Amino acid sequence: MVDGLLQVHGGRPLRGEITVRGAKNLVPKAMVAALLGRTPSVLRNVPLIRDVDVVSGLLSLHGVSIDYDQTEGILSLDSSSVESAHMADIDAHAGSSRIPILFCGPLLHRLGEAFIPDLGGCRIGDRPIDYHLNILRSFGAVVDKQAMGIRLTAPHGLHGTVIDLPYPSVGATEQTLLTAVRAEGLTELRGAAIEPEIMDLVDVLQKMGAIISVDTDRTIHIEGVDELVGYTHTALPDRIEAASWASAALATHGDVFVRGAHQSDMTTFLNVYRKVGGAFDVRDDGIRFWHPGGDLKSLVVETNVHPGFMTDWQQPLVVALTQADGLSIVHETVYENRFGFTSALRKMGATIQVYRECLGGSACRFGQRNFYHSAVISGPSPLHGADIEVPDLRGGFSHLIAALAAEGTSRVEGINLIDRGYEHFMSKLAALEADVTRLA
């Protein structure tokens, strides 16, 4: 059975206005944080995406009362009656989502135990849950791997610890924060991720009563407290979605106003966008992105953790780079397997080669590990329609951009994956005058 099929008649500039709401990389984590509060929480600017549905369902299984005003984007969560859930129910509802691993710390604090199933997610690189489990063990959790999943207990409670991350992992930082805020004593997290979404989660936890300080050297100190209360918070806008539409405007020679886009969270992207030849205008209520005419310029870009060029920005940008004059080099240093989506672009006429070597930047941790993590894009290459299949969330939206930019008709299969992180993307395409039809 086809999991979402879209027919795209490409070659038309995207023109118009769309709105981005809260960040996919923050909203589900803030929802999980509500488990820690003894009083209700209110989260605003919540997008209608599948990850929100998944987390809402998982929270409901654990006794959290949820009310979601989809029109206003306001989510009310009451976790005063948290209870255990059956692992089979968790497994059935979680699907391929990896979010259940972040439930562990809060549930250990509230119930003394937690259950998680085998975890999925986008196939873009190694995301072993053992990394998370080791962090939980360092707080004092006992991990019991069973046939259906994993059971965690805390027979002696959770206690502050010292965690030294070998790499600034967003997931590991979130796990530590959600566990440390109520662990007894002090926790020191070294080498932490400091993405805007992490800082927004810190803001949420501080509103709940947590004591957290962030040093300039990526060290976070958390002083555990006995009790947390609910929060009222407005989620920061989704800088990934904003950049995706910006790249779509560039690739299609279009003009798109992204209401809700926030400059300070996108500084690095905006610099690269300007270097490649894109134009933008920052306004109080959003950012306008457009192709100003003339040739796009090739460039060298390297992904990195914040404040570097975000890995989730590179896939949509690569589509635009297929239309740039000359050779562009993209060096991926965050996920080792993020260029799989380029095979579909080559099928559509793009000239892209991938390499194991670290090209265009400094040597990274993937350089000696036989991963294809650098790409050379030669352009401009006219794109033509093709039948393609979505590999993952960001790669899938990149395929959609390519289909919109290509001459002719494309059939894009598996677009339900895009629902995970792009709210109302079909209605947004319609608002931008795209010629698309959902077939299944």
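Please read these numbers as outputs of a predicted model, since none were measured by experiment.
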Return yes if a side-chain donor-acceptor contact under 3.5 Å exists between [X] and [Y], otherwise no.
{"X": "E336", "Y": "H373", "answer": "no"}
{"X": "Q315", "Y": "R338", "answer": "yes"}
{"X": "S56", "Y": "Y68", "answer": "no"}
{"X": "T303", "Y": "E332", "answer": "yes"}
{"X": "T333", "Y": "R365", "answer": "no"}
{"X": "E302", "Y": "H331", "answer": "yes"}
{"X": "N45", "Y": "R21", "answer": "no"}

What about the rings of [X] and [Y], do their centers lie closer together than 6.0 Å?
{"X": "F103", "Y": "H62", "value": "yes"}
{"X": "F397", "Y": "W245", "value": "yes"}
{"X": "Y372", "Y": "Y355", "value": "no"}

Would you compute the distance between atom [atom1] of [X] and atom [atom2] of [Y] and round it to the nearest 0.5 angstrom?
{"X": "I329", "Y": "L327", "atom1": "CD1", "atom2": "CG", "answer": "7.0 Å"}
{"X": "C364", "Y": "E357", "atom1": "SG", "atom2": "CD", "answer": "11.5 Å"}
{"X": "T232", "Y": "M208", "atom1": "OG1", "atom2": "CE", "answer": "10.5 Å"}
{"X": "L201", "Y": "I212", "atom1": "CG", "atom2": "CD1", "answer": "7.5 Å"}
{"X": "L400", "Y": "L429", "atom1": "CG", "atom2": "CG", "answer": "5.5 Å"}
{"X": "L75", "Y": "S41", "atom1": "CG", "atom2": "OG", "answer": "9.5 Å"}

Intermediate values then yes/no, side-chain hydrogen bond (donor to acceptor under 3.5 Å, both in side chains), R346 and T342: CA-CA 6 Å; R346 286 192 290 271; T342 59; 3.2 Å; yes

[atom1]/[X]: more than 12 non-hydrogen atoms of other groups inside 6.0 Å:
{"X": "R44", "atom1": "CZ", "answer": "no"}
{"X": "E17", "atom1": "CD", "answer": "yes"}
{"X": "R274", "atom1": "CZ", "answer": "no"}
{"X": "Q263", "atom1": "CD", "answer": "no"}

Which atom names give the shortest non-hydrogen contact between [X] and [Y], and what distance separates them?
{"X": "V52", "Y": "M31", "answer": "O-CE, 3.7 Å"}
{"X": "G286", "Y": "F257", "answer": "C-CE1, 3.7 Å"}
{"X": "T219", "Y": "E188", "answer": "CG2-CG, 3.8 Å"}

Under the criterion salt bridge (Lys or Arg N to Asp or Glu O under 4.0 Å), I'd like the reasoning laid out for E241 against K428: C-alpha separation, chi angles, the key distance, then a yes or no. CA-CA 12 Å; E241 183 181 359; K428 290 177 182 178; 2.6 Å; yes

Could you check whether any side-chain N or O of [X] sits under 3.5 Å from a backbone N or O of [Y], counting only pairs where one atom can act as donor and the other as acceptor?
{"X": "T311", "Y": "V334", "answer": "no"}
{"X": "T322", "Y": "A350", "answer": "no"}
{"X": "D215", "Y": "D217", "answer": "no"}
{"X": "S374", "Y": "L359", "answer": "yes"}
{"X": "T173", "Y": "A193", "answer": "yes"}
{"X": "Q175", "Y": "I101", "answer": "yes"}
{"X": "R12", "Y": "G254", "answer": "no"}

Would you please test D392 and R394 for salt bridge (Lys or Arg N to Asp or Glu O under 4.0 Å) and show each step? CA-CA 6 Å; D392 58 73; R394 307 303 173 189; over 6 Å; no

D238 and K24: CA distance, side-chain angles, deciding distance, salt bridge (Lys or Arg N to Asp or Glu O under 4.0 Å) verdict: CA-CA 7 Å; D238 197 314; K24 170 189 174 291; over 6 Å; no

Does R411 form a salt bridge (Lys or Arg N to Asp or Glu O under 4.0 Å) with E413? I'd like the steps, not just the answer. CA-CA 6 Å; R411 289 163 60 93; E413 182 179 337; over 6 Å; no

Taking C-beta and beyond as the side chain, do [X] and [Y] meet within less than 4.5 Å on heavy atoms?
{"X": "E197", "Y": "L236", "value": "yes"}
{"X": "D325", "Y": "L296", "value": "no"}
{"X": "L5", "Y": "R438", "value": "no"}

How are the rings of W313 and F309 set to each other: parallel, tilted or perpendicular (split at 30° and 60°)? perpendicular

Do the ring planes of F366 and F371 sit parallel (below 30°), tilted (30 to 60°) or perpendicular (above 60°)?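 Perpendicular, since the angle between the ring planes exceeds 60°.
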
